[in-house]
**Q** 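Input: one structure, supplied below.
Quick caveat, the model's predicted, so the values are computed rather than measured. Keep in mind that the numbers below use all heavy atoms, side chains included, and drop hydrogens, waters and symmetry copies. Throughout, protein chains are lettered first and strands after them, A, B, ... in sequence-line order, and every chain is numbered starting at 1.
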Amino acid sequence: MKEALFLIKKAREIRKSVILSLNAAGSGHLGGSLGLADVFSVLYFHEMKHKPEQPDWLDRERLILSIGHVAPVLYATLAESGYFDKEELLTLRKLGTRLQGHPGRDHGLPGVELSAGSLGQGLGVAVGIALMDQHEKKDKRTFCIMGDGELQEGSVWEAAMSAGHYKLHNIIGIVDRNNVQIDGKTEDVMSLEPLADKWRSFGWHVLECNGNDVEELIQAFAHKSDEKPTLILAHTKMGCGIPEIENDYTWHGKAPNGEEMERFLGMLVKNR
Amino acid sequence: MHNFKLNSLRPGRFGFGEAIRDAARINDKIIGIGVDITKSVSMNLFADEFPDRFFSLGIAEQNAISVATGMALSGYIPVFSTYGVFASMRAADQIRISACYNKAHIIIGGAHAGISVGPDGATHQALEDIAVMRVLPNMTLLSPCDATQAYFATKAAIDQCNGPVYIRFGREPVPDFTSLDQDFKIGKAQILHEGNDIAIIATGHLVWPALEAANILKNEGISARIINLHSIKPIDNQTITKAAIDCGAILTAEEHQINGGMGSAVAEVVVKHYPVPMDFIGMEDSFGESGQAEELMNKYGLNSENIVFKAKELMKRKSK
């Protein structure tokens, strides 16, 4: 319980940083970044073995963020973890920044594991890392966060097939199941259901949880399979934490202006 | 006369496969990736000797590149090969973002390059891969001229590079003539025959016909400088510019579309540093078709006769 309160507090700090950095940038993806704050809090402050003071530590567990457009939540979490100073978050998307609109390793931000943003590629990269860990008989996991809309990319299923084939139980895929994408509801744009069955049929162990509930997330990670790759269908609310914009897909790719920022920050404090 | 001895006829893919196997014997970080045509691209040599380092990924080139990137991020050097058409274009976005943007040291073997693939026809003849690969930041693009050079190019890709490398080689047996102790330097073109009347810059399967053309031209009193541009990116600005200054005209020859190909890369250098008349031998904005390799090379003018003809035509445009 104490742990949960700590993670909830961290998630609130992450959300705050996301709002501040997106306001400073003037553009970016707010909805998905807020929706994933709890997942990031649990990963970086509870689940993953990593050392912010030694980002290239060989035995670290890596997060491969396939949906590069939610970079703000990654940057906010890395800063919250101590990879770099929080002040730098305000350089998001600006010329010369290490905080590129979509993560770019070339720009030298510590903690960024993959340059990504073209959808459908992250899971394959995670498979490559996990295969080499299996090859070296290393006892560590690789996490990969995907969007639900992203699952419409065929390459995701090529990667899913290969993880199932090699029984990569050291992979944990997390699907941000918020049911919306830019054109509207996923089931209207291109239906994904029955989604859990799809992953199961590719040889994955599937768990579902409320992706905005840190205790449910902890439970899900604790129940990973030791024989197959594990997929967590994390049901989230886009924009979670700001009731006014929750589940409103028009906030997928928008940044708050100054007045909105003040209002949203006020709501964060009130809610939790 | 050029004094290269034609040792035998061998396909470039043999050199590639042998190099991967030999490199793997001394470097346990080399990993093989199979996409269903392992034997066709000679990766069976590696797979048979190092089964624990060979991973079959099925007919899924996009995933193969992303997986290879993950392996490279873990400190390995993965090698992936399939038909050049699929290696370069089916997975182009994965190569751009996963491999190039992440500077992943992966080796991509663009096998069965060019129209000489023959009877399979247009779908399987890689004639656009140079154009697509050479435009990508962080990519190294090699195009060895025979099996022996494919061996050294592959070794160089492993030893001299830190980012992604695309190596282009053919399926059909072609003259194997380069030296067994050659010093293959990425970014350095090879002058195979000296001459000052015209420079002929060739790559891949067109290098041997260019040497044959040099002999024919010699008999007609024309001295042609033959340059093997095995490294298309990075490109050898110095050797190309010197050829323009010394010879006053440059003809390029490649088994690829003229649009965006090796000749275009040469033209970019020539236009910037020392403009001289140029002409280009290659596919003229068309798909290939079925036929025997030699029939197709002749039909599309990818032979020594056409090199001689175009060279003489081009020389008429030289400023006196």
**Q** May I ask you to check if A:K51 and A:W57 form a cation-pi contact, with NZ or CZ under 6.0 angstrom from the six-membered ring centre and within 45° of the axis?
**A**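 Yes, a cation-pi geometry.
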**Q** Answer with side chain, backbone, both or neither: which region of A:A126 has an atom nearer than 4.5 Å to a non-hydrogen atom of chain B?
**A**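 No part of A:A126 comes within 4.5 Å of chain B.
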**Q** Which atom pair, heavy atoms only, marks the closest approach of A:C144 to A:S66?
**A** SG-CB, 4.2 Å
**Q** What's the shortest heavy-atom distance between A:R200 and A:V206, and which atoms?
**A**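 Minimum heavy-atom separation between A:R200 and A:V206: CG-CG2, 3.6 Å.
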**Q** Can you confirm if the aromatic rings of B:Y166 and B:F80 lie within a centre distance of less than 6.0 Å?
**A**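 That pair fails the under 6.0 Å test.
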**Q** Which atoms of B:I33 come close to chain A, meaning under 4.5 Å heavy atom to heavy atom: side chain ones, backbone ones, both, or neither?
**A**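 It is neither, since no heavy atom gets under 4.5 Å.
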**Q** Taking every heavy-atom pair that is under 4.5 Å apart, which of B:M71, B:K103, B:R96, B:R53 has the most such pairs with chain A?
**A** B:M71
**Q** Is it the case that the ring center of A:H29 lies less than 6.0 angstrom away from the ring center of A:H252?
**A**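 Yes - the distance between ring centres of A:H252 and A:H29 falls below the 6.0 Å cut-off.
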**Q** Contact part of B:Y101 toward chain A, heavy-atom cut-off under 4.5 Å: side chain, backbone, both or neither?
**A** both
**Q** Between A:M161, A:E136, A:H165, who has the most heavy-atom pairs with chain B when the cutoff is under 4.5 Å?
**A** A:E136
**Q** Picking from A:L131, A:V156, A:I64, which has the most non-hydrogen pairs under 4.5 angstrom with chain B?
**A** A:L131
**Q** At a heavy-atom distance under 4.5 Å, which candidate from B:L57, B:I97, B:T69 has the highest pair count against chain A?
**A** B:I97
**Q** Taking all heavy atoms of A:P103 and all of A:V112, pick out the closest pair and write down the distance.
**A**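 Looking at all heavy atoms of both residues, the closest pair is CB-CG1, 3.8 Å.
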